[in-house]
Engineer: 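Once you've had a glance at the structure underneath, I'll fire off some questions.
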Amino acid sequence: MNITIIGGGYVGLVSAVCFADMGHFVTCIENNPKKHTLLQSKEVPFFEPELSEKLSHVCNADRLTIAPGFTDNDFNADVIILAVGTPMSDSGEADLTYLFNAVKDIIATAKGADFERVVLTTKSTVPVGTGRKINAMIQEAQLSDKILVASNPEFLREGSAVYDFFHPDRIIIGTDSTTVFETFKQLYKGLHKDTRPIVHVSLETAELSKYAANTFLATKISFINELAILCDQLGADIKQTAKLMGLDGRIGKYFLNPSPGYGGSCFPKDTHALQSIGKHQDVHLNVVSAAISANDHQIHYCISQLKTLLHGTVADKTVTILGTSFKPNTDDIRESASLKLIDALLSDGANIQFTDPKAIDNTMALYGSKVTPFSSSYNAAENSDAIVLMTEWNAFRSLDLPRLKRVMNQANFIDFRLIYSHDELSSAGFNSYILGKGHHRVPQNVSSLN
Ligand code: NAD
């Protein structure tokens, strides 16, 4: 089949490359000139495992074309997929500027184009009712016989996006038309099996299902994070508690890892967007609101624990941050808890040294000379007063703790990802705080290097 995808970001490019890998002929439109130039030279503008090799492969096989803008040729496609960003606006609602600009562009181009029929689908996460609004715009332009609207929400995760594309738990198609649903069955032929059902629902249900899934996962994270704070007070162990909860098949083991809070380009904006969708319908989503406020509180709690370990203040202290991406295996720092930590530490007068396996460039683009990057944890720890483990990259899982301690000014280790135990940190001579693992521990022989 022929597919046009609008937007060459995490979702658009991964979808474009994977659909082309499945044998379809794909045009991926990216209107950011810098990203477009990179893509044309077969370079991925961000880090995503497996994507680079696959991009070269499908471009060399002439199954993927990169274009800077939408043209009437794109009406040769069977399906046009909208994969542009829908960021959070100041009010918390999804900002649909990119999406509606793309739709207007398509409608304007369609007026002078000669084509029979095309399916136009959102893959971007959009508020319930957006598909109907697109439909109304198409009706007003008297194109409803030729452009058929659908919703096909995307569930891939950054860091494993290529794998997720090929192994979806479900493929959701929102449309009023059985013919359109058949088009999607062809599109995903070879991918959907009994274990990966393709499900036909209404536009509204498809749109809501994406927000429902993301918000539920965010709620699970906020729940375990609040329990981690409680564990600190009770002396209970959050890691063991989470494991025991996860062994219950009704609960499941995923999304129960305590952390300094969820981040990334999806959970924060999607929880707020669902809250706004509820408000518009006069339905107060109490659980969603609680998940959001627990997440907002989580980083403040973590910062307070860091300050406690540093005897009340971080002013003029050097703090080493391990990990700025919002999770491992991505260079995406959007809404990362590390950024909130950096902002708070900078405003309190701390010096920041950091390292991240993939996100150094993005972090430097945001902070410039306000922070100092290092390519290794050991260099980043030099003359530091505290290490804060923020992202659970593999590179931070087996650190040589005595070597780290030797280069530091004060031996304080704060683990917000529960990679290390108090015992191993203490044996290496560190004062430590581990989220949800009870009280601060000071080693018997060393209280501080000062
Ligand atoms: P992104 O910001 O990485 O990519 C969007 C791209 O679209 C940008 O490169 C931008 O330049 C481009 N663009 C905007 N308007 C355009 C236009 N008119 N023509 C061509 N290109 C245009 O965003 P993303 O992370 O890929 O997310 C896209 C959507 O998918 C969002 O709604 C998001 O919520 C949803 N989503 C994201 C993920 C994820 O993990 N990132 C997962 C599932 C769903």
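As the structure lists them, so they are numbered: ligands from 1, and atoms in each ligand from 1.
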Engineer: Has D114 got more than 12 heavy atoms of other residues, nucleotides or ligands less than 6.0 Å from its CG?
Structural biologist: no
Engineer: Below 4.0 angstrom, N of the basic side chain to O of the carboxylate: do D248 and R250 qualify?
Structural biologist: yes
Engineer: Classify the ring geometry of H297 against Y301: parallel below 30°, tilted from 30° to 60°, perpendicular beyond 60°.
Structural biologist: tilted
Engineer: With heavy atoms of A83 as the reference, note each atom of ligand 1 found under 4.0 Å away.
Structural biologist: 5 (C), 28 (C)
Engineer: Any N or O on K210 sitting closer than 3.5 Å to an N or O of ligand 1?
Structural biologist: no
Engineer: Kindly indicate whether a cation-pi arrangement holds for K210 with F155, taking the cut-offs as under 6.0 Å to the six-membered ring centre and within 45° of the axis.
Structural biologist: yes
Engineer: Under 3.5 Å between some N or O of ligand 1 and some N or O of K269?
Structural biologist: yes
Engineer: Any idea which protein heavy atom is nearest atom 5 (C) of ligand 1, and the distance to it?
Structural biologist: G85 N, 3.6 Å
Engineer: How far is atom 42 (C) of ligand 1 from the closest protein heavy atom, and which atom is that?
Structural biologist: L156 O, 3.3 Å
Engineer: Enumerate the atoms of ligand 1 whose separation from the nearest heavy atom of I29 is less than 4.0 angstrom.
Structural biologist: 20 (C), 21 (N)
Engineer: Counting neighbours of NZ on K146 that are heavy atoms of other residues, nucleotides or ligands and sit closer than 6.0 Å, is the number greater than 12?
Structural biologist: yes
Engineer: Taking both backbone and side-chain atoms of T86, is any N or O found less than 3.5 Å from an N or O belonging to ligand 1?
Structural biologist: yes
Engineer: Residues in ring-ring contact (aromatic ring centres under 6.0 Å, His included) with F181, at least two apart?
Structural biologist: H200
Engineer: With a 4.0 Å cut-off on heavy atoms, does R157 reach ligand 1?
Structural biologist: no
Engineer: Evaluate ring pair (Phe, Tyr, Trp, His ring centres under 6.0 Å) for F47 paired with Y10, printing each intermediate quantity in order.
Structural biologist: CA-CA 9 Å; F47 173 73; Y10 288 88; 9.9 Å; no
Engineer: So, for P168 and F166, which heavy atoms are closest and what is the spacing to 0.1 Å?
Structural biologist: CD-C, 3.3 Å
Engineer: Would you mind listing which atoms of ligand 1 come within a distance below 4.0 Å of any non-hydrogen atom of N32?
Structural biologist: 11 (O)
Engineer: Any nitrogen or oxygen of C266, main chain or side chain, under 3.5 Å from a nitrogen or oxygen of ligand 1?
Structural biologist: no
Engineer: Give me the nearest non-hydrogen protein atom to atom 21 (N) of ligand 1 as residue plus atom name, then the distance to 0.1 Å.
Structural biologist: N31 N, 3.3 Å
Engineer: Count the heavy atoms of every other residue, nucleotide or ligand shown that sit under 6.0 Å from OH of Y378, and state whether that count exceeds 12.
Structural biologist: yes
Engineer: So which protein heavy atom does atom 7 (O) of ligand 1 come closest to, and at what separation?
Structural biologist: G7 CA, 3.3 Å
Engineer: Could you say whether the N/O atoms of Y98 and ligand 1 ever approach to under 3.5 Å?
Structural biologist: no
Engineer: Does a sphere of radius 6.0 Å around CZ in F374 hold more than 12 heavy atoms from other residues, nucleotides or ligands, not counting ones at 6.0 Å or beyond?
Structural biologist: yes
Engineer: Kindly confirm or rule out an N or O of K35 lying under 3.5 angstrom from an N or O of ligand 1.
Structural biologist: yes
Engineer: Would you mind checking which non-hydrogen protein atom is closest to atom 10 (C) of ligand 1, with the distance to 0.1 Å?
Structural biologist: E30 OE2, 3.4 Å
Engineer: Which atoms of ligand 1 sit under 4.0 Å from any heavy atom of E154?
Structural biologist: 43 (C), 44 (C)
Engineer: Any heavy atom of R334 sitting closer than 4.0 Å to ligand 1?
Structural biologist: yes
Engineer: Are the side chains of Y420 and L399 in contact, using a 4.5 Å heavy-atom criterion?
Structural biologist: yes
Engineer: Could you find the nearest protein heavy atom to atom 35 (C) of ligand 1 and give me its residue, atom name and distance?
Structural biologist: T125 OG1, 3.5 Å
Engineer: Do D176 and R132 meet the salt-bridge criterion of a basic N to acidic O distance under 4.0 Å?
Structural biologist: yes
Engineer: For F216 and Y211: C-alpha separation, side-chain torsions, deciding distance, then whether ring pair (Phe, Tyr, Trp, His ring centres under 6.0 Å) applies.
Structural biologist: CA-CA 8 Å; F216 186 78; Y211 284 113; over 10 Å; no
Engineer: With a 4.0 Å cut-off on heavy atoms, is I6 in contact with ligand 1?
Structural biologist: yes
Engineer: Is the contact between S265 and ligand 1 made by the side chain, the backbone, both, or neither, using heavy atoms and a 4.0 Å cut-off?
Structural biologist: side chain
Engineer: Classify the angle between the aromatic ring planes of F165 and F19 as parallel (below 30°), tilted (30 to 60°) or perpendicular (above 60°).
Structural biologist: perpendicular
Engineer: If you have a sec, work out which protein heavy atom is nearest atom 26 (O) of ligand 1 and how many Å separate them, to one decimal?
Structural biologist: V11 N, 2.8 Å
Engineer: Check each atom of ligand 1 against the heavy atoms of E158 and keep those under 4.0 Å away; list them by number with element.
Structural biologist: 39 (C), 40 (O), 41 (N)
Engineer: Nearest to atom 14 (C) of ligand 1, what protein heavy atom do you find, and at what distance?
Structural biologist: V84 CG1, 3.6 Å
